[in-house]
Amino acid sequence: ADQVLWEFENIFVLSGQTNGAWTDLTAEFKQLKSAEPGEATSRAILDRVRAFGEYCATFSAEPIKFKGEPVQADAAD
């Protein structure tokens, strides 16, 4: 789960494709996981996970466009 959040932030959030939404998502979930266990903490985690899941279900990103020339194979190969 941590890897998925990291990739979402680094691919979509930092590139601006979420229009500023979900900034510091990894830190937010890390803070929620380290909170005192209890009903309020569980509710906060479930609410945030649900909101993120709903966002992802409707999220559509622009295809990544690569710049530059393709790497040329060495003529000696």
Side-chain angles (χ1 to χ4, degrees):
D2 291 336
Q3 181 69 25
V4 171
L5 293 177
W6 184 89
E7 288 182 16
F8 181 84
E9 283 186 314
N10 283 284
I11 295 171
F12 301 117
V13 175
L14 294 178
S15 69
Q17 294 195 45
T18 62
N19 296 319
W22 305 104
T23 304
D24 297 325
L25 184 62
T26 300
E28 182 180 350
F29 277 112
K30 189 178 286 188
Q31 181 181 15
L32 286 169
K33 288 190 318 186
S34 68
E36 184 69 32
E39 185 178 344
T41 299
S42 296
R43 175 61 49 207
I45 291 171
L46 287 172
D47 288 347
R48 201 61 177 143
V49 168
R50 187 174 291 116
F52 183 64
E54 289 171 1
Y55 181 84
C56 289
T58 61
F59 177 70
S60 177
E62 293 295 318
I64 297 172
K65 296 179 181 167
F66 296 97
K67 297 179 183 175
E69 299 296 319
V71 175
Q72 297 292 324
D74 196 6
D77 289 341

Would you check if [X] and [Y] make a side-chain contact, meaning some heavy-atom pair closer than 4.5 Å?
X: F12; Y: E7; answer: no
X: F29; Y: D2; answer: no
X: L32; Y: T41; answer: no

Distance from [X] atom [atom1] to [Y] atom [atom2], nearest 0.5 Å?
X: L25; Y: Y55; atom1: CG; atom2: OH; value: 10.5 Å
X: F59; Y: E54; atom1: CZ; atom2: CD; value: 16.0 Å
X: R43; Y: R50; atom1: CZ; atom2: CZ; value: 6.5 Å

Starting from [Y], can I reach [X] by hopping between I/L/V/M/F/W/Y residues whose side chains sit under 4.5 Å apart?
X: I11; Y: V13; result: yes
X: V49; Y: F52; result: yes
X: L5; Y: I45; result: yes

Hey, is the main chain of T26 close enough, under 3.5 Å, to the side chain of E9 for a donor-acceptor pair?
-> yes
D24/K30 salt bridge by N-O under 4.0 Å criterion | no
Between F8 and W22, does the ring centroid distance fall short of 6.0 Å?
-> no
Flag yes if more than 12 heavy atoms outside E28 fall under 6.0 Å of its CD atom; otherwise flag no.
-> yes
